[in-house]
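Residues take their numbers from the sequence shown, with the count starting at 1.
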Amino acid sequence: DGIRDDLVTGVQTCALPIYEQTDQGISLLESSTDNQYIIAGKSSSFGDFGHDGFLTKVEDDGQTLWLEAFGGANPEAIYDLAETPDGGFILVGSTESYGSMLKDVLVIKVDQNGVLEWTSTYGGNDLDEGKSVYIGEDGLLYLIGYTRSFGLGEADIWLIVIDEQGNELNSFTFGTELNNYGVGIISDDSGHLIILSNDEINGHSEQKVAVRKIGLRSEEHTSELQSP
């Protein structure tokens, strides 16, 4: 049944059904409506050819309640999700099947049962990818990732602001002449957005961890992670 009890750690493990393919869970949350678990990621077991994004809901004993795959003929992935006020979910990731057909930011809205409500893509003529999503108290959706289509020419942190229907309201890029990859976003008590990124430091793929505090008018304050 895909479930085993680990007598050493006491952890119960759930496995999705597979068909000698590759499935990767990437993001997890607990539903506020029924305390079941929502898992998102990418899979080559379900959907169309290659990797598709997937979303599944499982009970606390590991039993799968439903599973939905999203994608086309080319690779898709879901990297983060958030629960919406109506009990549904917003998913953010990347697509190579829609939009520019290179790699674009992909946002998917589903209801509480995983039924698709709408999708949107955001990007330009190069590689763009969504990595994290935050739902603000204002009801707007704040997406973070990276873009090679806009900004300084290399990969820049990309913040996209959209409404609850996926309409783009604003976007900002942050970075240097090297590669800067946005990977996470939250908000502090004062309403500032806190953006986590991995920033290239020398042009040879070495990176540092950076945290940026962004005001609503896009003022930027950057801190680097220091060794203890």
Asks: From the options V110, D52, L106, select the one residue that forms a side chain to side chain contact (heavy atoms under 4.5 Å, CB included) with F70.
Replies: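 Checked V110, D52, L106 against F70; only one passes side chain to side chain contact (heavy atoms under 4.5 Å, CB included): V110.
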Asks: Quick one: sort the Y146 and Y181 rings into parallel, tilted or perpendicular, breaks at 30° and 60°.
Replies: perpendicular
Asks: Under the rule for salt bridge (Lys or Arg N to Asp or Glu O under 4.0 Å), what residues qualify as partners of D34, not counting sequence neighbours?
Replies: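 Partners of D34 under the salt bridge (Lys or Arg N to Asp or Glu O under 4.0 Å) test: K57.
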Asks: Side chains of N179 and E200: donor-acceptor distance under 3.5 Å anywhere?
Replies: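 The answer is yes; a qualifying pair exists.
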Asks: Keeping the roles fixed (side chain from T56, backbone from W66), state whether a donor-acceptor pair exists under 3.5 Å.
Replies: yes
Asks: Are side-chain N/O atoms of T95 and S97 paired as donor and acceptor at under 3.5 Å?
Replies: no
Asks: Assess the residue pair V133 and I185 against the criterion (side-chain contact (heavy atoms from CB on, under 4.5 Å)); give the C-alpha distance rounded to whole Å, side-chain angles, the decisive distance to 0.1 Å, and a yes or no.
Replies: CA-CA 7 Å; V133 58; I185 184 168; 5.8 Å; no
Asks: Return the CG to CZ distance between N180 and F174, rounded to the nearest 0.5 Å.
Replies: 11.5 Å
Asks: Applying side-chain hydrogen bond (donor to acceptor under 3.5 Å, both in side chains), name anything that partners S197, two or more places apart in sequence or on another chain.
Replies: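 Once residues adjacent in sequence are excluded, the partners of S197 under the side-chain hydrogen bond (donor to acceptor under 3.5 Å, both in side chains) criterion are D199, R212.
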Asks: Extract all donor-acceptor atom pairs below 3.5 Å that involve side chains of residues 153-167 and protein atoms in other chains or at least two apart in sequence.
Replies:
unit_1: D156; atom_1: OD2; unit_2: L152; atom_2: N; d: 2.6
unit_1: D163; atom_1: OD1; unit_2: Q165; atom_2: N; d: 2.9
unit_1: D163; atom_1: OD1; unit_2: G166; atom_2: N; d: 3.0
unit_1: D163; atom_1: OD1; unit_2: N167; atom_2: N; d: 2.9
unit_1: D163; atom_1: OD1; unit_2: N167; atom_2: ND2; d: 3.3
unit_1: D163; atom_1: OD2; unit_2: N167; atom_2: ND2; d: 3.0

Asks: Using atom types as modelled and distance alone, determine if a side-chain donor or acceptor of S31 lies under 3.5 Å from a backbone N or O of T33.
Replies: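 Indeed, once roles are kept as given, a pair shorter than 3.5 Å links the two residues.
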Asks: Under a 4.0 Å N-O cut-off, is there an ion pair linking D128 with R148?
Replies: no
Asks: Checking N113 side chain against V115 main chain: does a donor-acceptor pair fall under 3.5 Å?
Replies: no
Asks: Are the side chain of S94 and the backbone N or O of D104 linked by a donor-acceptor pair below 3.5 Å?
Replies: no
Asks: Is the shortest heavy-atom distance from the side chain of V107 to the side chain of K109 under 4.5 Å?
Replies: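 The answer is no, as the side chains (C-beta and beyond) never meet within the 4.5 Å cut-off.
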Asks: Of all residues at least two apart in sequence or in a different chain, which pass the side-chain hydrogen bond (donor to acceptor under 3.5 Å, both in side chains) check with Y79?
Replies: E129
Asks: Go through the structure and list residues passing side-chain hydrogen bond (donor to acceptor under 3.5 Å, both in side chains) with N202, not counting sequence neighbours.
Replies: E206
Asks: Given the rule that I, L, V, M, F, W and Y join up when any side-chain heavy atoms are under 4.5 Å apart, are W118 and F89 in one cluster?
Replies: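 No, W118 does not connect to F89 through the hydrophobic network.
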Asks: Taking the side chain as every heavy atom from C-beta outward, state whether L65 and Q36 have any atom pair closer than 4.5 Å.
Replies: yes
Asks: Evaluate the side-chain contact (heavy atoms from CB on, under 4.5 Å) criterion for residues I214 and I195: first the C-alpha distance (whole Å), next the side-chain angles of each, then the deciding distance (0.1 Å), finally the verdict.
Replies: CA-CA 8 Å; I214 309 297; I195 295 174; 3.6 Å; yes
Asks: Keeping S149 on the side-chain end and D126 on the backbone end, is there a donor-acceptor pair under 3.5 Å?
Replies: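 Yes; judged by distance alone, with no hydrogens or angles, the pair exists.
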Asks: Excluding sequence neighbours, so at least two apart, what forms side-chain hydrogen bond (donor to acceptor under 3.5 Å, both in side chains) with E83?
Replies: S32
Asks: Have D23 and S43 got a donor and an acceptor in their side chains that come within less than 3.5 Å?
Replies: yes
Asks: Run through I108, I38, L116 and flag the one making a side chain to side chain contact (heavy atoms under 4.5 Å, CB included) with L55.
Replies: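 Of the listed options, the one satisfying the test is I38.
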